[in-house]
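Data block below; observations after.
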Amino acid sequence: MLHLTPQPPVPTPADLLQGLNPQQSLAVSTTEGPLLIIAGAGSGKTRVLTVRMAYLLRMGVHPSHLLALTFTNKAAQEMRDRIGKLVGQSEARSLWAGTFHSVFARMLRSHADRLGYTNTFTIYDADDQVAAIKAVMQQLGINQQNLSPTAVRSRISGAKNAMVSWQEYERQATSISDKQTAQVFAEYERRLRLSNAMDFDDLLLNMIRLLEGHADVLEAYHDKFRYILVDEYQDTNRAQYRVVNLLAKKYRNICVVGDDAQSIYRWRGADIRNILDFERDYPEATVVRLEQNYRSTKVILAAADSVIRNNAKQLKKTLWTDNADGEKITLLACRDDREEADHIVRTIRNRMETRGFSFKDIAVLYRTNAQSQALEDALRRANLPYHIVSGVSFYKRKEVKDTLAYLRLLVNPDDSESVLRVINEPIRGIGATTLKRLEAYAGEQRVSLFQVLQSIRSVPQIQSRIAAAIEDFVNLVDRHRALLQELAPASLAQQYLEATGLPRMYKDMNTEESLDRWNNIERVLDHIAEQQELDETLTLSTYLEQVSLVSEQDDPKLGTERVAMMTMHAAKGLEFPLVFIAGMEQGLFPLAKAETDPSEQEEERRLLYVGITRAERELVLSYAEKRFRFGELVYSRPSMFLSEIDPDTLSAAARPRLHSAPSIPTAPTAPTAPAAPRTVSATPRGARTGPKRSEYSQIPAPEPYGQTPEYALIRAGMRVKHPMFGVGTVLAVGGSGQTAKATVEFKGGQRKQLMLAYARLEVL
DNA sequence: AGAGCGTCGCTTTTT
DNA sequence: GCGACGCTCT
C-alpha cells in the first residue's frame, strides 16, 4: 500500500496510480468524458473506483462536484470509507455517495414542493404498497381472490420501473386483470399523492419528473455534479438509466462500472440494455476491460467460468489470474438440511484447524433467507460465532412497524397507511366499519384520511362515542407534532410512544411473546437515541428515511471474528477466503420457478457465478437430499449446476459419498422425477447446457437417490391413500420432479389435484 | 367491535 | 408450520 505511516502524506495523482495494472490505471486516469468499465469479478473494481475518486480530488476537483451512485448501502459505505482513507475523512464526507434511492430521496426532499409534495413526504416500502393496494381494491370493489394484491403490486412496480404511467398501462390493457390493475394503479397513485408519500419506484420517477420538468433544477445539478460515477451498472433499471443520463447530459463525465455476468436483479427491473446502450448513447466513450482477477485461485475461477459458460447471453470477456491453483472444491452430500448444517460446521472447524482460517474469513451463502434457520441452529449448537446479514426480520415485525408508523405520523400525518396501521392499536374502539366510511369520505372530499379525522364532527354517520375516540387520537398526534421543533428526536419519540399506550399494552399482557415485542419497541427507541448520538443533526424525518432505505439495522459486522451468513444477493461485492454455498439442489437453486424458464435459469446461473466468485481461497458446496420446506419434508435432486462445474475443479474426496444406488448416468439437465428418471419423458432443454456425456459419471449431481421417495413411484391407475381424503385412484400424473401433480379420484367421485411432493400419498 | 376459527399462501432475491 | 386475513358469531 501507499502509506503505512501514521500521518499519511497527501498522495499525488501519480502516487495514486502506483500499483495499478495498465487497464486499472487507464480506468482511473480517464477522468474526462464518458467511460465504461467492464469489471470482471475480483478485478479490483472497488479499488479502481475509490482510487478514481481520490484521483479526481487530487486533480483539484472539489468533492461537492462528485456524485457516486451505488446499488446497496453497504457499497456506498465502503466507498466512502475507502476514499476517506485515501484523501482524509473531512474531504470524503462532503462528496455525495449513496444508493440511487437514498441520494434521490435527498434531492427530492429539497425540491419536494416543485412536484406537489412537502419535504416531509413518507417513503413507502413494499408492505405499505400492498396495504395501500388492498385498500384501493376494496374501495373499487375488486375481488382480491382473483387478483392478488401482491401481484398487482409487482405489476405496478414493473410498470413504474419501465416508466409506464397508469394512463399508458390502461391504454395497453387488454385482459380483464390488466384493466383492473390499471384501475388500481390510477387510484393507488392518487392515494399516495394524498398521503404525501412516495414508493421506492417514485423516488426514481419523480427524479425524472423533477429534472425534465424544471430546467433550473436540472441546471443546478448539472453544475453541481460534474463527475458522476455509477457502480453495479448492470443492475440499474431504465428509470435509473434515464436519471443518470439527465444528470450527465452537460459535462458527459460519466463513468459506469458493471459486469453483465453478475447481473442478478433482472427480476426487479434491471435492464441489461443499459450496458449495451451505453456505447450508443456515448459514442465517444472509452471502454476499459478489467480482466485480471486478484481475488480467487485458478480453481475457483475455472469453476465459475465453467458454470457461466452455459449462459447463451453473455458479453465476451476472459477472466484470468496469476494466483495459485489452490485447493479443489469440496462437495458435501447430505441426507437432509440438518445434516448439511452439521456438516458445514464440521468443515468449518476442520478448515480452521488444518488451513488456518479464522471465523471472519468464512461466509456461508444460500439462495433463500429461509435456509438460514437450520444453519443458524447448527452454528449456535456448536458455539461458533456468526452473524446474519439479512435485513428483513426486525423491521418486518408488527410492533416495530407500528412503532415506526406512529413516528411517521408525527412527521407526515397525511400518511394514510400509517394512520390505518395504528389508529386502533392499541384498541381505541375505532373499527373497520368506521374506517371504511371515513376512507370513502376522504376519497370523495379529495383530502387525506387524517384531515378527515381532524374535522371528525363534520363527518356524517359517525357515532359521538367513536368521534370522541378519534378526537383523542388526533390530539395525541397533533400534541406531539407540536413538539417536533422543541424536543430532540429520541426524547420526543420516547414520550410520544409512551403516550400512545403501545408499549404499555405489550407490557401489561405480560406473556413471553408480548414482552419480547415490548422489548423490540424499546430497541427502536434506543436505536434512535444511538443515531442521535452519532449525528447531532438527526431529525425524526431523516431517521425514518434512513430506516426505510436501509434494510439492515446495523451494518454487518464484517471484519469481526464471526462467520458471516447471507443470501448470495447480499454477498454481491464481498469476498471471503473460505466460502460455503449451501442448498445446491434442484428446485431451490435454481428455484423451481426458474427450472422451466431459460432466462430465469440464466439469472440463477449468474447468481451462482456471483456466489462462487466471492471465494478467495477455497469453496465448499453442499446439498441435501431432503429438507424441510413449508413445514414439510421435501425431496430434491442435486442442482443441475453441479454437473456444469468443471469436474477437474472438484476434489476427489468430494465426489464420494455417493449413495448406495448403482451409478446410472442420467442427463443432468433433464429434471425428471427423482426415482424414475428413465420412464418420465425428459423435458426439452439440455442441448445447450451441460458438459459432455463422458463426464457425467464422475459427478455426483446427476446420480439418482439411494432412497427413493415413495411419491415418485406413483403412476396413473394406482390405488393410493391420502391422510385426509382417504382411499382413491390415480387418474393421471403430470409434471415432473418436485412439481409433479397427480389427479386423484377419491371415493364419492371427488377429484383432487395433488402435489406429489407434498401430499403424503401412500401407495396401496 | 372483537374474539374465535378456518383457509390460504408462503420462501426468491432488495431499494 | 406459521402468520395474515376473512368470515361468522356474539
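Chain letters run A, B, ... following the sequence lines, proteins first, then strands; residues in each count from 1. Only heavy atoms go into these numbers, but all of them, side chains included; no hydrogens, no water, no symmetry mates.
Nearest nucleotide to the A:H569 side chain, out of B:dG2, B:dT15, B:dT13: B:dT13. Side-chain atoms of A:R367 lie closest to B:dT13 of the nucleotides B:dT15, B:dG2, B:dT13. Here the nucleotide nearest the side chain of A:T99, chosen from B:dT12, B:dT13, B:dT15, is B:dT15. Closest to the side chain of A:K593, out of B:dT12, B:dT15, B:dA1, is B:dT12. Nearest to the side chain of A:I466, among B:dT15, B:dT14, B:dA1, sits B:dA1. When distances run from any side-chain atom of A:N424 to the nucleotides B:dT11, B:dG2, B:dT14, the shortest one goes to B:dG2. In the set B:dT14, B:dT11, B:dT12, the nucleotide with an atom closest to the side chain of A:L591 is B:dT12.
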Check: protein-nucleotides 1-10 of chain C nitrogen or oxygen pairs below 3.5 Å:
unit_1	atom_1	unit_2	atom_2	d
C:dC5	OP1	A:K134	NZ	2.9

Quiz item: Given the rule that a pair is Watson-Crick or G-U wobble with both distances under 3.5 Å, how would you write DNA chain B in dot-bracket, using | for pairs to a different strand?
Solution: ||||||||||.....

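A:W518 pairs by the ring pair (Phe, Tyr, Trp, His ring centres under 6.0 Å) definition with nothing, not counting sequence neighbours. In this structure A:R109 satisfies the side-chain contact (heavy atoms from CB on, under 4.5 Å) test together with A:F121, A:I123, A:S541, A:E545, sequence neighbours excluded. With sequence neighbours left out, the ring pair (Phe, Tyr, Trp, His ring centres under 6.0 Å) criterion links A:F104 to A:F100. Remark: A:F589 pairs with A:F641 by the ring pair (Phe, Tyr, Trp, His ring centres under 6.0 Å) rule, at least two apart or across chains.
Centre separation under 5.5 Å together with a plane angle under 30° holds for the ring of A:W267 and the six-membered base ring of B:dT13, marking them as stacked.
Using a 4.0 Å heavy-atom distance criterion, A:F71 is classed as a sugar-phosphate-only contact. Heavy atoms of A:I264 sit nowhere under 4.0 angstrom from any nucleic acid atom. Residue-level contact check: A:T150 touches neither bases nor backbone, having no heavy atom under 4.0 Å from any strand.
Ionic pairing of A:K436 and A:E439 is not present here: no N-O contact between side-chain nitrogen and carboxylate oxygen is shorter than 4.0 angstrom.
Because its NZ or CZ atom is not both nearer than 6.0 Å to the ring centre of A:Y265 and within 45° of the ring axis, A:K572 does not count as a cation-pi partner of that residue.
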Practice problem: Please report the C-alpha distance between A:E232 and A:K45 in whole Å, then the side-chain angles of each, then the deciding distance to 0.1 Å, and finally whether the salt bridge (Lys or Arg N to Asp or Glu O under 4.0 Å) criterion is met. | Solution: CA-CA 10 Å; A:E232 306 288 8; A:K45 180 194 72 174; 3.4 Å; yes

